[in-house]
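Have a look at the structure below before the remarks.
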Amino acid sequence: MKYTNEQLLKYSKPLSETEKKQCESSIRVFEKIIQDYGFTVTKIKYESTDDELDYGFHISKEGLTFTVLLQGSFGNGTCVRQDSDIDIAMICESTFRGKYPIGKSGANYGFTTSSFSITKFKNELLNFINSYYEYNAINHNKCIDFVGNDSSRKDIDIVPSLRFRDYSKDYYCDETNYVKGVLIKCNDGSEIINYPEQSHDNSITKNNNTNYYYKKIVRILKNIKHDMEDEGYLDAKKVSSYGLECIIYNVPNFYFSGNSMSDMVLKITEYLLNNCDNICSFKESNECLKIFDNQNNNADIYKSFIKKIYAYVRESYDKKTN
């Protein structure tokens, strides 16, 4: 495929106003369901800019408190049209999992054991959503899939989780001195620890420090990845949207510059090609985890994909300049 600079500029654009409204409508419906479920909602913020759809609030009910926030590509402002599902984290703040320094436990901090089950809560919320005749929710391994419709609402992946507090570098039993993450308990018994708030904040910083090109490049390369999928590139299908975003996050800021978008895309993919053997040291955008430590990602697949996407972009560039 031949990419003109105009085509790449089109690929770099964020959600349209119509798509933003569909996203907002989906979240508003879920917020109403949460209120019907008996939670009191305290709005934190709703901000919509070219590069962000920032949405979050606190909820409380009978001693339970949650932070609800938009995460993933919609929350980070890096989604493209093919990213159809909206990811919402429901983080329980009143009950948490702690990681402590060697020789310490929650008792040293004055914490007590809770009988709250996030798995039970997930099932109860699922059943409540399905009590509405007009809505449908499906229990997936990590999330509740709140099914949208073809017109006004997109699908929402609701991820009930526990707050994860990493106290491992605290040596004074200071209960406020922790790195915050989320812990997801899956239906299959496995557990996943993520850091969506750090990913969100770091993506904003990276975008600001690259003259607002970082998120544009992420959207461009995601769109090119989908073009490659359509043309039968198997590696492109195996690379996750978040994994690709994190790979790009590791490109130094000064590469996000050039005389044109085409030059920038070529320069960034060439950097990835030249550093292909080092990607196992690349961190996720949260900067807490390495990309290949926490995801079902295969480094060899990503290395192969990087080589192919560079060749794909290089061929388009050569056609354009000939």
Side-chain angles (χ1 to χ4, degrees), residues 3 5-17 19-20 23-24 27 44-56 69-83 85-89 179-182 194-226 239-272 275 279 282-291 295 302 306 309 313:
Y3 292 110
N5 201 58
E6 290 71 25
Q7 178 68 40
L8 294 179
L9 287 171
K10 180 180 178 182
Y11 274 2
S12 74
K13 293 186 180 301
L15 292 176
S16 68
E17 287 304 314
E19 289 166 324
K20 284 183 181 179
C23 182
E24 181 182 354
I27 299 170
I44 303 174
K45 58 184 173 181
Y46 176 79
E47 297 176 2
S48 177
T49 67
D50 283 348
D51 280 322
E52 283 187 69
L53 189 59
D54 203 357
Y55 194 100
L69 55 86
L70 198 59
Q71 63 177 358
S73 58
F74 277 88
N76 291 340
T78 56
C79 58
V80 296
R81 187 158 296 175
Q82 292 89 338
D83 298 331
D85 292 348
I86 301 165
D87 293 324
I88 290 183
V179 176
K180 64 180 181 180
V182 301
N194 280 329
Y195 299 87
E197 290 136 313
Q198 288 89 332
S199 291
H200 175 267
D201 293 345
N202 290 343
S203 292
I204 292 174
T205 300
K206 179 85 171 179
N207 203 45
N208 292 342
N209 291 341
T210 57
N211 200 25
Y212 305 101
Y213 279 116
Y214 166 64
K215 294 186 181 184
K216 290 182 174 69
I217 292 296
V218 171
R219 292 191 289 260
I220 287 172
L221 291 182
K222 281 187 179 183
N223 275 302
I224 291 176
K225 168 181 132 62
H226 288 303
V239 168
S240 72
S241 174
Y242 180 64
L244 176 58
E245 183 172 332
C246 290
I247 291 289
I248 301 166
Y249 180 84
N250 285 265
V251 177
N253 291 347
F254 60 81
Y255 282 88
F256 293 82
S257 61
N259 295 323
S260 68
M261 199 66 80
S262 301
D263 288 340
M264 199 183 308
V265 169
L266 180 66
K267 187 161 55 174
I268 287 169
T269 53
E270 186 172 26
Y271 171 86
L272 293 173
N275 290 270
I279 63 171
F282 283 9
K283 288 188 175 182
E284 296 184 12
S285 54
N286 53 52
E287 298 189 3
C288 297
L289 301 168
K290 291 183 178 179
I291 296 172
Q295 304 293 320
Y302 278 72
I306 287 170
I309 195 171
V313 169

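It should be emphasised that the depicted structure is a prediction, and the values quoted were computed from it without experimental measurement. Along the sequence shown, residues carry numbers from 1.
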(message) Applying salt bridge (Lys or Arg N to Asp or Glu O under 4.0 Å) as the test, list every pair that has at least one member in residues 247-258; sequence neighbours left out.
(response)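 Listed once each, the pairs would be none.
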[Y] and [X], any side-chain heavy atoms less than 4.5 Å apart:
X	Y	value
Y3	I224	yes
E245	S203	yes
F74	D87	no
V265	I217	yes
M264	K216	no
I204	K215	yes
I88	L69	no

(request) Kindly indicate, with the supporting measurements, whether the criterion side chain to side chain contact (heavy atoms under 4.5 Å, CB included) is fulfilled by T269 and L221. (result) CA-CA 9 Å; T269 53; L221 291 182; 4.0 Å; yes
Grab the two heavy atoms, one from [X] and one from [Y], that are nearest each other, plus how far apart they are.
X	Y	result
S12	L9	OG-O, 2.6 Å
S285	C246	N-SG, 3.5 Å
S262	N5	N-OD1, 3.1 Å

(request) Begin with the C-alpha distance, continue with both residues' side-chain angles, and end with the deciding distance and a verdict on side chain to side chain contact (heavy atoms under 4.5 Å, CB included) for V179 and Q198. (result) CA-CA 10 Å; V179 176; Q198 288 89 332; 3.8 Å; yes
(message) Before you tell me yes or no, could you show the steps for I279 and I291 under side chain to side chain contact (heavy atoms under 4.5 Å, CB included), namely the whole-Å CA-CA distance, both residues' side-chain angles and the distance that decides it to 0.1 Å?
(response) CA-CA 8 Å; I279 63 171; I291 296 172; over 6 Å; no
(message) Under a 3.5 Å threshold, yes or no: a donor from one side chain and an acceptor from the other, between S241 and K222?
(response) yes
(request) Would you kindly say whether T78 and Y242 are connected by a side-chain donor-acceptor distance under 3.5 Å? (result)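 Looking only at side-chain atoms, Y242 and T78 do not form any donor-acceptor pair under 3.5 Å.
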Could you give the distance from [atom1] ([X]) to [atom2] ([Y]), rounded to the nearest 0.5 Å?
X	Y	atom1	atom2	result
N202	N286	CG	CG	7.5 Å
L8	S260	CG	OG	8.0 Å
H200	Q71	NE2	CD	11.0 Å
L244	Y302	CG	OH	7.5 Å
K13	I220	NZ	CD1	10.5 Å
L272	I248	CG	CD1	7.0 Å

(message) Is it the case that over 12 heavy atoms from other parts of the model lie below 6.0 angstrom from the OH atom of Y213?
(response)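 No.
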(message) Can you list everything that forms a ring-ring contact (aromatic ring centres under 6.0 Å, His included) with Y255? Sequence neighbours excluded, please.
(response)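 Partners of Y255 under the ring-ring contact (aromatic ring centres under 6.0 Å, His included) test: Y271.
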Among all residues two or more places apart in sequence or in another chain, which pass the side-chain hydrogen bond (donor to acceptor under 3.5 Å, both in side chains) test with [X]?
X	value
E287	Y249
K206	N253
E197	R163

(message) Tell me every residue that passes salt bridge (Lys or Arg N to Asp or Glu O under 4.0 Å) with K267, counting only those two or more places apart in sequence or in another chain.
(response) none
(message) Using modelled atom types and a 3.5 Å cut-off, is there a donor and acceptor pairing between side-chain atoms of N223 and backbone atoms of Y11?
(response) yes
(request) For the pair N211 and F256, evaluate side chain to side chain contact (heavy atoms under 4.5 Å, CB included) and give the outcome as yes or no after the intermediate values. (result) CA-CA 8 Å; N211 200 25; F256 293 82; over 6 Å; no
